[in-house]
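In what follows, a single structure is set out as structure tokens and then discussed.
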Amino acid sequence: MTPKLELRGVAKTFHGNGLTVPALADVSFSVQPGEFVTLIGPSGSGKSTVLNLIVGLLEPDAGEIRVDGEPARPGRVGYMPQRDLLLPWRTVLDNVILPQEVRGVPRAEARARARERLPLFGLAAFADAYPAALSGGMRQRAALLRTVLTERDVLLLDEPFGALDALTRRELQDWLLGLWTQLRQTMLFITHDVEEAVYLSDRVIVLSARPARVVKELAVSLPRPRRQGLIATPEFGAHVAELLQALGIDV
Ligand code: ADP
């Protein structure tokens, strides 16, 4: 099967202010259609750089990035950056339609399409609310809805739950898995939380410290649907231990 997304020998070094920062040495991995893959690695190992390259915000120095077997072009994948970037002066509805508006979709049509999706994102009662009235979890759901509405079939999510409290984070993990089951989109998720990586993923890709290489690919052999109780099982613990070891953390 042609992978949905494939990176082959991707390298990237940043230059600026008299500094040379080799971020990615040699990164290769692929994601199959409909798969949920998580990229994990130490802070500063180049995870966001990988996403920026896939989206086309950066150019690799070497290597190839393919989507559906073709060289990646900007606009092929949906990207949710770490910060939710909701505009405080726009309502939830008008925030989530922003990318479509930019592309020239008439506002009424974009709004109608977004309204249909609001219940799935738990935002039905908040269409006309402003971001300041939303909880952290709701803001992240709104940001994800905005990404989903771009109708790309690969979604890149950069630490979407990083700033949330532990309980909200767990709720959103379950919600995200439910959403993924419904949408059947290909997901590339970034986190530095090992348990989150195991809980969500079909496969976890571990990057080394900078300059990054792939040091491990772990297939998560835990059944779905997953429930939070899973994290207390020995099987779950064994996956976590394997990832911690790959990250060089004593277990
Ligand atoms: P992660 O997402 O894993 O925390 P990043 O991809 O953000 O890591 O960063 C990887 C490394 O590249 C870091 O050392 C960071 O300082 C550096 N870096 C990222 N973007 C730039 C840039 N635009 N210019 C210079 N250095 C950068």
Side-chain angles (χ1 to χ4, degrees), residues 5-31 35-67 72-74 76-85 136 139-140 143-144 146-147 152 154-164 166 169 172-173 176 186-201 203-218 220 239-240 242-249:
L5 175 67
E6 189 175 19
L7 280 77
R8 280 194 217 149
V10 171
K12 181 72 189 175
T13 295
F14 292 106
H15 304 276
N17 298 329
L19 282 178
T20 298
V21 182
L24 309 179
D26 175 3
V27 174
S28 302
F29 65 88
S30 58
V31 184
E35 201 180 16
F36 197 126
V37 170
T38 293
L39 200 57
I40 195 164
S43 182
S45 61
K47 300 181 294 297
S48 300
T49 302
V50 168
L51 292 196
N52 285 325
L53 287 162
I54 296 170
V55 177
L57 294 172
L58 292 172
E59 284 279 316
D61 301 331
E64 273 189 315
I65 300 174
R66 293 180 169 266
V67 177
R73 292 189 309 273
R76 292 294 304 271
V77 294
Y79 178 37
M80 176 175 162
Q82 259 176 46
R83 286 181 305 127
D84 61 46
L85 304 177
R139 292 179 70 103
Q140 292 307 94
L144 186 55
R146 180 168 57 191
T147 307
R152 310 282 152 74
V154 186
L155 291 184
L156 310 181
L157 308 185
D158 192 356
E159 297 234 27
F161 307 147
L164 302 174
R169 188 171 186 143
L172 280 202
Q173 289 167 354
L176 179 65
T186 308
M187 294 275 193
L188 182 61
F189 187 96
I190 286 194
T191 183
H192 56 250
D193 181 327
V194 176
E195 290 196 348
E196 181 167 81
V198 173
Y199 188 69
L200 295 175
S201 313
R203 216 146 44 82
V204 183
I205 296 181
V206 184
L207 294 185
S208 68
R210 198 167 57 73
R213 298 170 186 280
V214 174
V215 290
K216 186 173 187 70
E217 282 195 37
L218 177 73
V220 179
H239 282 79
V240 169
E242 218 173 309
L243 289 180
L244 289 173
Q245 214 153 33
L247 288 163
I249 297 164

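All ligand and atom numbering here is 1-based and tracks the order in the structure. Heavy-atom basis, side chains included; hydrogens, waters and symmetry copies ignored. Quick caveat: nothing in here was measured; it's all calculated off a predicted structure.
- In this structure, atom 7 (O) of ligand 1 is in close contact with the protein, since a protein heavy atom lies within 4.0 Å of it.
- Taking every heavy atom of S45 and a limit of under 4.0 angstrom, the matching atoms of ligand 1 come to 1 (P), 3 (O), 8 (O).
- Of all atoms in ligand 1, numbered sequentially from 1 with element shown, those under 4.0 Å from a heavy atom of T49 are 5 (P), 6 (O), 9 (O), 10 (C).
- By the 4.0 Å heavy-atom criterion, G46 is counted among the residues contacting ligand 1.
- When hydrogens are left out, the protein atom nearest atom 13 (C) of ligand 1 is G44 O, 3.8 Å; that is the closest non-hydrogen contact.
- Between the side chain of S208 and the backbone N or O of R213 there is at least one donor-acceptor pair closer than 3.5 Å.
- Residues T38 and T191 are in side-chain contact: their nearest non-hydrogen atoms beyond the backbone lie under 4.5 Å apart.
- Interface of K47 with ligand 1, defined as ligand atoms under 4.0 Å from a residue heavy atom, comprises 1 (P), 2 (O), 3 (O), 4 (O), 6 (O), 8 (O).
- Side-chain contact between L247 and V194 is present, with at least one heavy-atom pair separated by less than 4.5 Å.
- A donor-acceptor pair under 3.5 Å is formed between the side chain of R146 and the backbone N or O of L85.
- Among all protein heavy atoms, the one lying closest to atom 25 (C) of ligand 1 is F14 CB, 3.4 Å.
- Atom 10 (C) of ligand 1 is flagged as protein-proximal [any protein heavy atom, distance under 4.0 Å].
- L39 places a side-chain heavy atom less than 4.5 Å from the side chain of L207.
- In this structure the side chain of R8 reaches within 4.5 angstrom of the side chain of R66, judged on heavy atoms.
- When hydrogens are left out, the protein atom nearest atom 15 (C) of ligand 1 is V21 CG1, 4.9 Å; that is the closest non-hydrogen contact.
- The shortest N/O to N/O separation between S43 and ligand 1 does not fall below 3.5 Å.
- Under the 3.5 Å distance criterion, the side-chain polar atoms of K12 are matched with a main-chain donor or acceptor of E59.
- For D61 (side chain) and T13 (main-chain N/O), a donor-acceptor pair under 3.5 Å exists by modelled atom type.
- Taking each of Q82, R210, E159 in turn, the one with a heavy atom nearest to atom 14 (O) of ligand 1 proves to be R210.
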